[in-house]
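Here is the structure we will look at, set down as structure tokens.
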Amino acid sequence: MSGASEQVPVSGLPIDLRGKRAFIAGIADDNGYGWAIAKSLAAAGAEILVGTWVPALNIFETSLRRGKFDQSRVLPDGSLMEIAKVYPLDAVFDSPEDVPEDVKTNKRYAGSSKWTVSEVAESVKQDFGTIDILVHSLANGPEVSKLLSETSRKGYLAAISASSYSFISLLKHFLPIMNPGGATISLTYIASERIIPGYGGGMSSAKAALESDTKVLAFEAGRKHKVRVNTISAGPLGSRAAKAIGFIDMMINYSLENAPLQKELYAEEVGNTAAFLASPLASAITGATVYVDNGLNAMGVGVDSPAFTGLDIPKDNKS
């Protein structure tokens, strides 16, 4: 946010987030959707705050400090994205009283404090006062590789807790410090409404809950705080987090073969959509699931199936 850029009038219909402050929960490296959203928000002029999972905090901050992310921080105008502050965060826990003893004494949490959701919200309030944009880029299912029918109760509830209830908790604790006209954005996946073999362990249920909660929370946050609530259903991306699922490359190839737009999906396309949803240009959009997946959600069948051999199926001229 340079003083010079604030004085230069922009022609056309710009996404202008100058003077806005965003908190993005769930950034631990420089190659996922959370990072891309942070970059797009920064490019539009927003001030960036980040919440990073506690065990990943040291590596993330060290990499940031040593310049390992500098190439990834480059914005369209050539400047580097600045992160005003990085907060330790574990969104599975709402308050210190919720943290079990084995986590409190875990070496990976040593040296960090005030990392539950309520504590982070209070820290942000003390440091910056208010925010305008809240981004939820969090998901985890310890049994994601299991069939849903073979998922344990513990694994299922863990997926719901980390991937969907965490958004409710973030909203609950950050809403009091969000300015009217603010916006919240989460990330979902088509497995919420379509069968995606391999995306198990309750993760499909968690994404379905997240999308349902988006509608209800849009009503509540809109009426009580004039804050908008939307979610982005993003297509497959080969990020480090996604590779933990184990079949992400297959899903990327499937999308290339079957989506209406036969092209690679870039993280910045999701980031730019988030910037639009956070901006005044989307002031009448709330409670929506916005698909950014090259149109794959619109397909009823996989056109690469041998069953369609012989049909005149349109293809990208460059493919």
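Everything numeric in this text was worked out from a predicted model, so none of it was measured.
Here the options are Ser166, Ser164, Ser163, the test is side chain to side chain contact (heavy atoms under 4.5 Å, CB included), and the partner is His136; only Ser166 passes.
Judged by distance alone, with hydrogens and angles left aside, the side-chain atoms of Asn230 form a donor-acceptor pair with the main-chain N or O of Ile285 at under 3.5 Å. Checked by atom type and distance alone, the side chain of Thr214 pairs as donor or acceptor with a backbone atom of Leu210 at under 3.5 Å. In this structure a side-chain-to-backbone donor-acceptor pair under 3.5 Å is present from His173 to Ser169. No side-chain donor-acceptor contact under 3.5 Å links Lys20 to the backbone of Ala44. A donor-acceptor pair under 3.5 Å links the side-chain atoms of Ser152 to the main chain of Gly155, judged by distance alone. A donor-acceptor pair is defined here as one N or O able to donate and one able to accept, closer than 3.5 Å; such a pair exists between the side chain of Asp98 and the backbone of Ser95. A donor-acceptor pair is defined here as one N or O able to donate and one able to accept, closer than 3.5 Å; such a pair exists between the side chain of Ser63 and the backbone of Ile59. Under a 3.5 Å cut-off, the side chain of Thr231 and the backbone N or O of Ser186 do form a donor-acceptor pair. Side-chain N or O atoms of Thr309 include one that pairs as donor or acceptor with a backbone N or O of Pro306 at under 3.5 Å. Looking at Asp132, its side chain does come within 3.5 Å of a backbone N or O of Arg21 through a donor-acceptor pair.
Nearest heavy-atom pair, Ser205 versus Leu148, reported as atom, atom and distance to 0.1 Å: OG-CD1, 4.3 Å. The two atoms that bring Ile177 and Ala121 nearest to each other are CD1-O, 3.8 Å, heavy atoms only. Residue Val92 comes nearest to Ser161 through the heavy atom pair CG1-OG, 3.9 Å, listed as atom of the first residue, atom of the second, then distance. Of all heavy-atom pairs spanning Leu57 and Pro88, the tightest one is CD2-CB, 3.6 Å. The heavy-atom pair separating Asp293 from Ser255 by the smallest distance is O-OG, 4.3 Å. Nearest heavy-atom pair, Tyr33 versus Leu187, reported as atom, atom and distance to 0.1 Å: CB-CD1, 3.6 Å.
For the atom pair CD1 (Ile24) and CD1 (Ile133), the distance works out to 8.0 Å, reported to the nearest 0.5 Å. A distance of 3.5 Å separates OG1 in Thr184 from CZ in Phe167, rounded to the nearest 0.5 Å. Separating the CE atom in Met299 from the CD1 atom in Ile190 is a distance of 12.0 Å, to the nearest 0.5 Å. Remark: Phe69 CZ to Leu80 CG distance equals 13.5 Å, nearest 0.5 Å. With rounding to the nearest 0.5 angstrom, the CG atom of Leu217 is 11.0 Å from the CG atom of Leu170. Of the inter-residue distances, the one linking Arg194 atom CZ with Asn297 atom CG reads 7.5 Å to the nearest 0.5 angstrom.
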May I have the list of side-chain donor-acceptor pairs in residues 104-111 shorter than 3.5 Å, sequence neighbours left out?
unit_1: Thr105; atom_1: OG1; unit_2: Glu101; atom_2: O; d: 3.0
unit_1: Asn106; atom_1: OD1; unit_2: Arg108; atom_2: N; d: 2.8
unit_1: Tyr109; atom_1: OH; unit_2: Asp90; atom_2: OD2; d: 2.5

Distance-only donor-acceptor pairs under 3.5 Å for side chains of residues 266-283, two or more places apart:
unit_1: Glu269; atom_1: OE1; unit_2: Lys263; atom_2: NZ; d: 3.2
unit_1: Glu269; atom_1: OE1; unit_2: Tyr266; atom_2: N; d: 2.8
unit_1: Glu269; atom_1: OE2; unit_2: Lys263; atom_2: NZ; d: 2.8
unit_1: Asn272; atom_1: OD1; unit_2: Ser40; atom_2: OG; d: 2.8
unit_1: Asn272; atom_1: ND2; unit_2: Glu268; atom_2: O; d: 3.3
unit_1: Thr273; atom_1: OG1; unit_2: Glu269; atom_2: O; d: 2.9
unit_1: Ser279; atom_1: OG; unit_2: Phe276; atom_2: O; d: 2.7
unit_1: Ser279; atom_1: OG; unit_2: Leu281; atom_2: N; d: 3.2
unit_1: Ser283; atom_1: OG; unit_2: Pro280; atom_2: O; d: 3.2

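In this structure, Val135 and Leu41 have side chains that are in contact, with non-hydrogen atoms separated by less than 4.5 Å. Within the 4.5 Å cutoff, no side-chain heavy atoms of Ser118 are placed close to those of Asp94. Looking at heavy atoms from C-beta onward, Val99 lies in side-chain contact with Trp115 at the 4.5 angstrom threshold. Here the side chains of Glu47 and Glu82 are not in contact, with every heavy-atom distance at 4.5 Å or above. At least one side-chain heavy atom of Ile131 sits under 4.5 Å from a side-chain heavy atom of Met178. The shortest distance between side-chain heavy atoms of Leu64 and Arg73 falls below 4.5 Å. Side-chain contact check for Tyr189 versus Met203: every heavy-atom pair is 4.5 Å or farther apart. Contact annotation: the side chain of Lys207 approaches that of Tyr199 to within less than 4.5 Å [non-hydrogen atoms, C-beta and beyond].
Take Lys226 and apply the salt bridge (charged side-chain N to carboxylate O under 4.0 Å, His left out) test, not counting sequence neighbours, and it matches no residue.
The 12-atom threshold is exceeded at CD of Gln126, counting heavy atoms of other residues, nucleotides or ligands nearer than 6.0 Å. Taking a 6.0 Å sphere around CG of Leu261, one finds it holds more than 12 heavy atoms contributed by other residues, nucleotides or ligands. Summarising the local packing, CD1 of Ile313 is surrounded by more than 12 heavy atoms from other residues, nucleotides or ligands at distances under 6.0 Å.
Tyr156 is not connected to Tyr165 by any chain of hydrophobic side-chain contacts under 4.5 Å among Ile, Leu, Val, Met, Phe, Trp and Tyr, and they are in different clusters. Under a hydrophobic clustering in which Ile, Leu, Val, Met, Phe, Trp and Tyr are joined whenever their side-chain heavy atoms come within less than 4.5 Å, directly or via other members, Val229 and Tyr291 fall into different clusters. Clustering ILVMFWY residues whenever any of their side-chain heavy atoms sit less than 4.5 angstrom apart, transitively, puts Leu138 in a cluster other than the one holding Val292. Both Leu134 and Val227 belong to a single network of hydrophobic side chains, linked directly or stepwise wherever heavy atoms of I, L, V, M, F, W or Y lie under 4.5 Å apart.
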Could you walk me through whether Phe174 and Val120 satisfy the side-chain contact (heavy atoms from CB on, under 4.5 Å) test, starting with their C-alpha distance in whole Å, then the side-chain angles of each, then the deciding distance to 0.1 Å, before giving a yes or no?
CA-CA 9 Å; Phe174 275 87; Val120 174; 4.1 Å; yes
Taking it one step at a time, do Phe308 and Val301 satisfy side-chain contact (heavy atoms from CB on, under 4.5 Å)?
CA-CA 10 Å; Phe308 295 101; Val301 296; 3.6 Å; yes
Evaluate side-chain contact (heavy atoms from CB on, under 4.5 Å) for Ile83 paired with Phe60, printing each intermediate quantity in order.
CA-CA 12 Å; Ile83 297 177; Phe60 179 73; 4.3 Å; yes
